[in-house]
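Order of the sequence lines sets the chain letters (A, B, ...), proteins ahead of strands, with each chain counted from 1. Both backbone and side-chain heavy atoms feed into the values below; hydrogens, waters and symmetry mates do not.
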Protein chains: 2
Amino acid sequence: MATGHGARSRSGGRPTLEEVAARAGVGRGTVSRVINGSPRVSDATRAAVEAAVAELGYVPNTAARALAANRTDAIALVVPEPETRFFSEPYFSDMLKGVGAELSETEMQLLLIFAGNDRERRRLAQYLAAHRVDGVLLVSVHADDPLPDLLAQLEIPAVISGPRSAAETLTSVDSDNYGGGRSAAEHLLARGRGRIAHITGRLDVYGAQRRVDGYRDALRDAGHEVDERLIEAGDFTEEGGRRAMTELLARSPDLDAVFAGSDVMAAGARQVLREKGRRIPDDVALVGYDDSAIARHMDPPLTSVRQPIEEMGRRMIDLLLEEVADRRPAVSRGLERRQVVLATELVTRASS
Amino acid sequence: MATGHGARSRSGGRPTLEEVAARAGVGRGTVSRVINGSPRVSDATRAAVEAAVAELGYVPNTAARALAANRTDAIALVVPEPETRFFSEPYFSDMLKGVGAELSETEMQLLLIFAGNDRERRRLAQYLAAHRVDGVLLVSVHADDPLPDLLAQLEIPAVISGPRSAAETLTSVDSDNYGGGRSAAEHLLARGRGRIAHITGRLDVYGAQRRVDGYRDALRDAGHEVDERLIEAGDFTEEGGRRAMTELLARSPDLDAVFAGSDVMAAGARQVLREKGRRIPDDVALVGYDDSAIARHMDPPLTSVRQPIEEMGRRMIDLLLEEVADRRPAVSRGLERRQVVLATELVTRASS
DNA sequence: ATCACTTGTGGGAGCGCTCCCACAGTACCT
DNA sequence: AGGTACTGTGGGAGCGCTCCCACAAGTGAT
């Protein structure tokens with residue numbers, strides 16, 4: 001059965017719009033309107049078309065639609081990390097869950113694209129240049145990443161999770177890192193701790209900076225001087241947490257609490273505290289960030305700041321679909337920047 | 001990457017084949033041939049076209065190509081499981097790694113599709129009916145899954161990892177489960193164990209059956225009678241492993257080795273053995289299957305059968321791309337069934 | 001010189017859809 | 001009565017590509 005041109009017989013291939021139209025005794029345009037849910041069709045006609053569609057088992061040809069309408073009905077979730085991290089961090093799977101849930105309401109197709117190395121990034125650039133998606137979801141983007149600019153230049157709608165800076169131009173969805181940092185510090189203050197150290201995340205990540213800001217303001221507002229020797233930069237890794245904790249204990253042996261910018265770093269800090277004979281929470285109270293599985297399984301269970309990641313995924317899709325519907329990025333329409341910030345929640349456990 | 005702004009043709013749209021042809025002073029067909037790597041183009045013409053492509057920043061329109069050529073340049077990796085399992089099991093991420101690596105050599109796009117519940121499955125069926133992918137990779141399919149039949153009916157090329165039975169009609173790639181089971185048993189025999197129990201995986205999974213077969217034959221070939229009371233069915237879960245182990249110990253307290261059909265079940269078995277005061281490996285030697293992270297981190301580290309999952313992913317892509325190139329499933333071409341079986345490897349650790 | 005190939009090339013004819021204009025029919029105003 | 005809306009409908013004109021046929025030019029055998 002050669003799939004040659006012209007050799008297209010009625011019984012052979014998939015039915016087309018034209019065939020459905022003939023069967024229903026209407027025109028091509030009318031069938032198209034029914035398929036696309038236009039209100040400008042009488043009930044009788046609509047019923048006839050739907051019957052024909054069902055009888056023939058008609059399924060629209062996506063390629064033809066994409067070509068004619070100049071849209072793809074697909075959006076990409078771009079992960080600028082190697083796949084390994086994607087699978088190991090619950091952040092991504094939670095995000096994907098929210099995104100998938102929200103998207104399943106629509107006809108949109110989700111593409112998962114990794115851009116962890118140069119080769120993959122070149123591929124991605126090619127991909128975007130070909131406009132193979134209607135919109136892009138960007139997660140976990142570093143401050144100096146050129147991707148957002150490329151997107152803007154190509155006029156592809158995009159939503160970013162975690163703005164790169166206070167001046168982020170893309171529509172963004174984020175959790176309230178400032179409030180999260182603040183609530184962690186306030187919680188420790190309320191527990192009567194006076195020497196609260198902070199192990200920060202990578203400070204080129206905007207959210208990590210904001211957590212520090214929240215921590216500082218909480219202390220200040222409570223009438224405490226912020227002691228810079230109680231702040232040590234980490235890098236979100238367990239090893240970084242160990243290193244920072246060691247540093248902090250050496251510098252300020254009198255600390256009585258630690259707020260770590262991630263659960264993983266808190267795990268590192270915990271090891272060092274144990275080694276040095278500090279009891280948790282008796283001698284040193286410990287608070288983490290992310291409320292990941294680590295927090296629940298730590299000994300003692302770790303108090304941590306929960307981010308509504310799944311919800312973030314959902315909101316990102318909502319915003320992106322709006323922009324896709326408007327057919328261009330919000331900024332180039334001259335609208336105000338759109339930023340959604342979702343509240344965090346402190347989950348109190350035995351470590352504080 | 002600098003897309004030539006100045007060179008952009010009028011109306012600001014993306015350049016088309018036609019425009020490239022005009023610029024290069026050739027016909028549309030010639031540009032198409034160059035783009036698609038046809039050998040029937042003179043070197044001079046090819047160079048001229050390539051220059052025009054570069055100057056205009058031409059990128060082919062995928063939708064137009066798909067419509068005209070009746071192909072999508074995309075393949076789907078279908079995971080008939082909820083996303084949760086996908087992320088928690090290293091099997092999938094290893095598979096994805098192999099698949100991704102092999103695919104990055106091509107222009108093919110990989111789609112990750114979950115079909116864990118009825119709703120998702122209906123969506124998938126619709127998706128396949130619309131022929132939105134050129135081929136499908138099926139992983140972890142149960143014996144009674146209707147998906148393979150649907151694929152055959154739609155004449156969509158597909159490759160399955162782990163045949164559903166000895167009579168599998170789809171092209172398949174699998175690891176040598178028989179050999180793996182055999183090597184586990186032989187290893188324990190070589191260690192001088194005589195009462196070797198086996199906790200099987202779910203027996204509706206063909207691979208689990210094959211492991212049992214390998215285990216039986218190894219014992220028989222070594223001159224041992226196979227004692228049916230030493231075989232207990234599990235279900236691949238930790239709880240199942242505990243249950244089976246409890247059963248086995250009650251039935252045959254004299255067992256001196258256990259071969260579990262998965263590392264997770266081995267972990268369950270280990271707990272029970274500990275509770276009952278059996279030392280590993282002194283009293284009871286333990287061997288698992290999968291060589292997952294669990295095996296390396298168990299106390300004592302678990303001897304386990306490693307499957308080359310990444311390699312399986314690569315081979316699946318190879319086979320699938322061949323079938324896609326041949327434009328139809330191998331079976332309907334009347335070719336012999338194609339089955340690739342990759343060797344397993346026993347990784348010996350302290351538990352045996 | 002003729003014929004039979006081969007190689008390289010141009011361009012017509014679609015692929016199956018959406019968009020949009022034209023227009024008949026109806027309804028409600030002046 | 002004519003005018004002005006709207007509603008529902010049909011179908012032409014593409015979207016940007018691939019496929020394939022036609023054909024010019026070159027090559028070698030007869």
Side-chain angles (χ1 to χ4, degrees), chain A residues 2-10 12-49 52-53 56-73 107 129-132 134 327, chain B residues 9 11 13-49 52-53 56-73 107 129-132 134 327:
Chain A
T3 47
H5 281 82
R8 169 156 299 292
S9 62
R10 14 182 82 286
R14 300 159 49 197
T16 69
L17 248 204
E18 197 91 46
E19 288 167 20
V20 173
R23 175 105 184 191
V26 301
R28 210 174 356 86
T30 301
V31 177
S32 177
R33 269 173 291 242
V34 171
I35 299 291
N36 293 291
S38 158
R40 304 206 157 303
V41 182
S42 71
D43 290 349
T45 308
R46 181 182 307 277
V49 170
V53 165
L56 296 175
Y58 171 75
V59 180
N61 179 319
T62 336
R65 173 179 287 180
L67 179 59
N70 194 34
R71 61 189 161 80
T72 64
D73 288 330
E107 291 287 84
H131 284 263
R132 291 185 64 169
D134 292 339
R327 220 64 203 130
Chain B
S9 68
S11 73
R14 298 161 49 197
T16 68
L17 248 204
E18 196 92 47
E19 289 166 17
V20 174
R23 174 108 185 187
V26 301
R28 209 170 1 85
T30 302
V31 178
S32 176
R33 272 177 291 255
V34 171
I35 299 291
N36 294 291
S38 159
R40 303 204 158 301
V41 182
S42 71
D43 290 348
T45 308
R46 181 184 307 279
V49 170
V53 165
L56 296 176
Y58 172 75
V59 180
N61 180 319
T62 335
R65 173 179 285 178
L67 178 60
N70 195 33
R71 61 189 160 81
T72 64
D73 289 330
E107 291 287 82
H131 284 262
R132 291 185 64 170
D134 291 339
R327 221 65 204 131

Study note, to complete from the structure: Of D:dC17, C:dT18, C:dG16, the nucleotide closest to the side chain of B:A68 is D:dC17
Exercise for review: To the nearest 0.5 Å, tell me how far A:R14 CZ sits from A:L56 CG.
Suggested key: 13.0 Å
Check your understanding: D:dG16 C1' sits how many Å from B:E19 CD, rounded?
Key -> 10 Å
Practice item. Quick one: pull up OG1 in B:T30 and CZ in B:R40 and give me the separation to the nearest 0.5 Å. Key: 13.0 Å
Review point. Who passes salt bridge (charged side-chain N to carboxylate O under 4.0 Å, His left out) against A:E107, sequence neighbours left out?
Key: none
Exercise for review: Among the candidates C:dT9, D:dC19, C:dG16, find the nucleotide nearest to the side-chain atoms of B:T30.
Suggested key: C:dT9
Which atom pairs link the protein and nucleotides 22-27 of chain C when you take only N or O atoms and keep those under 3.5 Å?
none

Practice item. Can you sort out the partners of A:R23 under salt bridge (charged side-chain N to carboxylate O under 4.0 Å, His left out), two or more places apart, ordered by chain and number? Key: A:E55
Practice item. Could you pick out which residue, A:V41 or B:T16, lies toward the 5' side of DNA chain D when each is mapped onto its nearest nucleotide? Key: A:V41
Check your understanding: Quick one: A:N70 CG to C:dC19 P, roughly how many Å, whole number?
Key -> 10 Å
Exercise for review: Give the C-alpha distance, both sets of side-chain angles, the deciding distance and a yes or no for side chain to side chain contact (heavy atoms under 4.5 Å, CB included) between A:D73 and A:R65.
Suggested key: CA-CA 9 Å; A:D73 288 330; A:R65 173 179 287 180; 4.0 Å; yes
Check your understanding: A:N36 side chain N/O closer than 4.0 Å to the phosphate oxygens (OP1, OP2) of C:dT18?
Key -> yes
Practice item. Determine whether B:I35 and B:V53 make a side-chain contact, defined as any pair of heavy atoms from C-beta on separated by less than 4.5 Å. Key: yes
Check your understanding: Is B:T62 touching bases, backbone alone, or none of the nucleic acid, heavy atoms closer than 4.0 Å?
Key -> nothing
**Study point:** Atom pair distance, as rounded to whole Å: CG in B:N61 and C1' in D:dT18
**Key:** 13 Å
Study note, to complete from the structure: A:R65 CZ to D:dC17 P, in whole Å, measures 21 Å
Point to revise | Nearest-neighbour nucleotide for the B:V26 side chain, C:dG10, D:dC17, C:dC17 considered | key: C:dG10
**Study point:** Rounded distance (Å) that lies between atom P of C:dC19 and atom CG of A:L17
**Key:** 12 Å
Review point. Under the 3.5 Å rule, do the base of D:dT18 and the side chain of B:R28 count as making a donor-acceptor pair?
Key: yes
Review point. Is there side-chain contact between A:V26 and A:V31, with heavy atoms separated by less than 4.5 Å?
Key: yes
Exercise for review: Using whole Å, report how far CZ of B:R40 lies from P of D:dC20.
Suggested key: 14 Å
Practice item. Mind checking the CZ-CD spacing from A:R28 to A:E19? Nearest 0.5 Å is all I need. Key: 13.0 Å
Revision key, fill the gap. Of B:A64 and B:G27, the one whose closest nucleotide on DNA chain C sits nearer the 5' end is B:G27
Check your understanding: What about B:R33, does its side chain sit under 3.5 Å from the base of C:dG10 through a donor-acceptor pair?
Key -> yes
Point to revise | Nucleotide C:dC15, atom C1' - distance to CZ of B:R71 in whole Å | key: 13 Å
**Study point:** Whole angstrom value for the distance that separates C1' of C:dG14 from CG of B:L67
**Key:** 9 Å
Point to revise | OP1 or OP2 of C:dT9 under 4.0 Å from side-chain N/O of B:S42 | key: yes
